[in-house]
Protein chains: 2
Amino acid sequence: MRVSIKDIAREAQVSHSTVSRALSDSPLVSAGTKARIQQLAREMGYSPDAQARSLVMGRTRTVGVVVTTITDPFIAEVVQSIENTAYDYGYSVILTSSGSQSKREIAAVEMLQSKRVDGVIVTSSRVGALYQGLLERLEVPIVLINSHRRQASPSTFSVNVDNRHGAYIATKYLIGLQHRRIGYVGGRTHHSDDQERQAGYCEALARANIDFDPQLMVPGNGRASGGERALPHLRVLADPPTAVLCYNDMTAVGLMRAAREMGIVVPDELSVVGFDDIPFASYVMPSLTTLAQPKAEMGRMAMRMVLSLIGDERAENIDKANVVVKGRLIVRESSGVLTHSGAHERAVARNT
Amino acid sequence: MRVSIKDIAREAQVSHSTVSRALSDSPLVSAGTKARIQQLAREMGYSPDAQARSLVMGRTRTVGVVVTTITDPFIAEVVQSIENTAYDYGYSVILTSSGSQSKREIAAVEMLQSKRVDGVIVTSSRVGALYQGLLERLEVPIVLINSHRRQASPSTFSVNVDNRHGAYIATKYLIGLQHRRIGYVGGRTHHSDDQERQAGYCEALARANIDFDPQLMVPGNGRASGGERALPHLRVLADPPTAVLCYNDMTAVGLMRAAREMGIVVPDELSVVGFDDIPFASYVMPSLTTLAQPKAEMGRMAMRMVLSLIGDERAENIDKANVVVKGRLIVRESSGVLTHSGAHERAVARNT
DNA sequence: TTGTAGGCGTTATCAC
DNA sequence: GTGATAACGCCTACAA
């Protein structure tokens with residue numbers, strides 16, 4: 001049988017309210033009985049029932065985290081940071097994944113509502129009108145990480161990477177390496193982050209007086225297969241690109257795989273730059289130059305923003321706003337100065 | 001204000017018990033009032049309070065999942081499968097990560113106990129005596145995935161990959177490719193899964209009448225850095241290995257990176273085999289031959305085993321046991337038949 | 001300093 | 001069929 005404060009009360013010959021006070025370290029209990037009760041509670045293996053407490057307190061100290069899939073390495077890092085931060089503040093995390101299916105999005109929101117979470121964090125989703133409406137009906141703070149949404153709302157805030165800036169920096173870097181024919185392989189079209197990255201890419205070209213060539217911009221899908229399929233479209237051009245910026249690292253990885261199969265040497269013949277800096281970016285070969293998103297920081301900020309919106313004093317100095325954080329370029333091996341040497345010479349040279 | 005069954009009762013001019021019955025679709029309510037109440041509940045935006053319900057029902061329909069870190073791609077896949085299965089059965093998941101710190105392990109168990117989870121799944125942890133004792137005090141079913149534990153206990157079951165068999169298969173495969181000098185780069189020493197994989201490796205050698213050479217077995221740490229550091233130790237040997245089995249994929253990836261830096265061509269000069277089949281195994285270059293663990297199946301089994309142990313009728317046909325599942329070898333590019341050709345010829349040949 | 005009583009939102013057991 | 005009433009485990013006025 002599970003032991004409750006009543007059981008302790010009986011054992012200690014006091015009322016259950018005294019036990020409750022003693023266990024919450026209230027000053028309204030004599031030091032003696034307090035110590036005695038706390039000791040007893042330990043001995044009896046008492047564990048407070050969070051549900052009963054929440055029922056009367058009106059707070060669960062629980063947040064819901066909604067992801068598309070936790071197997072996405074970017075999302076996993078963000079979630080890890082959310083969980084760590086939640087732990088620091090005495091909160092726990094209910095994890096739900098939607099697989100981008102609206103049926104599961106709906107189920108997730110309903111379940112989080114029934115569980116009476118104090119706040120919700122949504123990561124990397126396209127938040128449709130229906131979904132957003134659902135979320136807002138929860139009447140708890142909502143923080144969206146890298147998620148596009150229709151419109152602002154009083155209780156919904158966001159933490160986003162500066163997509164435009166990131167793509168701008170990355171493209172500018174490639175231009176600095178003398179590249180003039182720079183491709184862009186996108187994510188899913190109509191996703192706002194893809195569009196923003198496109199915009200940053202175009203802006204960098206424009207500032208360097210490089211004509212934008214729509215042929216150099218091909219769509220992907222945010223996964224490796226997108227990059228893999230994109231490369232042939234670029235190589236078939238009369239004047240193919242010498243460098244490619246990819247929507248994200250997985251796209252870049254797929255593109256590099258295609259390059260290898262086509263016998264194109266990266267970075268000698270083609271520079272490749274990704275976006276995200278997933279852990280694997282440094283382990284692919286060649287290792288991937290990429291625009292790193294501050295994933296841990298974003299998770300931490302989102303969690304603290306939720307706390308702040310809930311009214312937790314410990315996080316009151318946190319911005320309650322739509323925060324935009326800047327990424328930074330991490331230069332690795334997949335990018336290099338434009339050269340005119342062929343692959344063959346290079347490969348031989350490397351092995352002598 | 002949040003709407004409760006009392007609010008609906010007032011509005012519908014019935015007692016709150018009738019509302020409760022109507023909403024749970026009890027046959028003890030007339031079809032008319034039932035429909036009326038359900039309609040009203042929808043209009044008023046009613047959401048049942050899971051905590052209040054759990055309080056009286058004695059079940060939360062929630063399971064706790066304890067991981068070391070969700071950023072481990074193997075763990076992420078397992079957790080995703082757990083979450084999917086939980087969703088299928090109407091359960092939700094509380095995620096906690098311990099970072100292998102006993103302080104956080106303790107906190108996690110306490111929190112899960114307070115939250116009154118119906119069961120717990122622990123992934124890829126070394127479950128120390130203290131930790132296991134703590135878990136068992138929860139008095140709920142516990143299922144360990146790939147986690148070593150001291151001893152059996154009535155409510156604690158496990159789902160494990162057959163480490164010995166997996167390493168045996170992988171090593172046998174390399175022997176079949178004519179390799180005779182085969183190295184093994186371990187995980188953290190004293191982890192039982194590492195020891196079991198070692199045993200499988202040794203067994204395969206023994207059956208092929210290949211002498212076991214302790215010099216060919218070097219420790220790692222389960223991460224890329226372990227593989228990276230291990231390779232030099234192997235190459236410095238008088239008779240270095242022509243193939244290496246690694247404790248896991250990350251170790252293999254690190255080892256391949258070291259190989260590249262040392263100018264060793266995989267698989268021409270060195271065959272590399274991993275263990276796990278993390279998603280990236282197929283994207284590293286060369287792609288990694290590895291022993292795949294059935295991650296989705298393991299997550300699903302663990303979750304269903306919990307349900308079965310809880311007494312959920314829908315999962316009653318599930319084994320309540322210490323299940324061992326077999327992995328299967330996935331041959332990719334990082335392994336090949338032993339040859340005596342040098343790197344130079346090969347590399348040139350490839351680029352012509 | 002301690003005890004009594006009420007209530008949080010449910011479900012369940014009785015009567016009627 | 002429906003409605004009181006109690007109970008789940010906890011917190012918190014209010015009373016003593």
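Numbered from 1 within each chain, the chains take letters A, B, ... in sequence-line order.
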Asker: Calculate the interatomic distance between A:I37 atom CD1 and D:dC10 atom P; express it in whole Å.
Answerer: 14 Å
Asker: Per the atom types in the model, does the base of D:dA4 pair as donor or acceptor with the side chain of B:S17 at under 3.5 Å?
Answerer: yes
Asker: Counting side-chain heavy atoms from C-beta on, which of D:dT2, C:dT11, C:dT4 comes nearest to B:T33?
Answerer: D:dT2
Asker: Both conditions, 6.0 Å and 45 degrees, for the charged tip of B:R104 above the ring of A:Y87: are they met here?
Answerer: yes
Asker: Please pick, from D:dA4, C:dT10, C:dT2, the nucleotide with the shortest atom-to-atom distance to any side-chain atom of B:R21.
Answerer: D:dA4
Asker: Tell me what B:S26 touches on the nucleic acid: a base, only sugar-phosphate, or nothing, going by heavy atoms under 4.0 Å.
Answerer: nothing
Asker: Whole angstrom is fine here: how far is it from NZ in B:K34 over to P in D:dT2?
Answerer: 10 Å
Asker: What's the closest nucleotide to the A:L28 side chain, out of C:dT2, D:dT2, D:dC10?
Answerer: C:dT2
Asker: How close or far is atom P of D:dG3 from atom CZ of B:R10, stated in whole angstroms?
Answerer: 15 Å
Asker: Could you check if a side-chain atom of B:T62 sits within less than 4.5 angstrom of a side-chain atom of B:V93, using non-hydrogen atoms only?
Answerer: no
Asker: Give one of base, sugar-phosphate or nothing for A:V56, where a contact means two heavy atoms less than 4.0 Å apart.
Answerer: base
Asker: Would you state whether a donor and an acceptor, one from the side chain of B:R116 and one from the base of D:dG9, lie under 3.5 Å apart?
Answerer: no
Asker: Between A:Q132 and A:E136, do the side chains contain a donor N or O and an acceptor N or O under 3.5 Å apart?
Answerer: yes
Asker: Of all the choices, C:dG9, D:dG9, D:dA4, which nucleotide is nearest to the side chain of B:S4 once you look at every atom?
Answerer: C:dG9
Asker: If you find the nucleotide of DNA chain C closest to A:V14 and the one closest to A:A52, which residue's nucleotide is nearer the 5' end?
Answerer: A:V14
Asker: Using atom CZ of B:R2 as one end and atom P of C:dT10 as the other, report the distance to the nearest whole Å.
Answerer: 10 Å
Asker: So, is B:T18 close to the D:dG3 phosphate, meaning a side-chain N or O under 4.0 Å from OP1 or OP2?
Answerer: yes
Asker: State whether the distance check finds a donor on one side and an acceptor on the other, under 3.5 Å, for side chain A:H16 versus base C:dT2.
Answerer: no
Asker: Mind checking whether A:I145 and A:V122 have side chains closer than 4.5 Å, heavy atoms only?
Answerer: no
Asker: Can you tell me the distance, in whole Å, between the NZ atom of B:K6 and the P atom of C:dG6?
Answerer: 13 Å
Asker: Take the protein atom CD1 of A:I8 and the nucleotide atom P of D:dC11, then report the distance between them rounded to whole Å.
Answerer: 11 Å
Asker: When the distance from CD of A:Q51 to C1' of D:dC10 is rounded to whole Å, what number comes out?
Answerer: 11 Å
Asker: Is there a side-chain contact between B:Q80 and B:N84 in this structure, where contact means two heavy atoms from C-beta onward sitting under 4.5 Å apart?
Answerer: yes
Asker: Quick one: which of D:dC11, C:dT2, C:dC8 gets closest to the side chain of A:L55?
Answerer: C:dC8
Asker: Send over the distance from A:D49 CG to D:dG9 C1', rounded to a whole Å.
Answerer: 6 Å
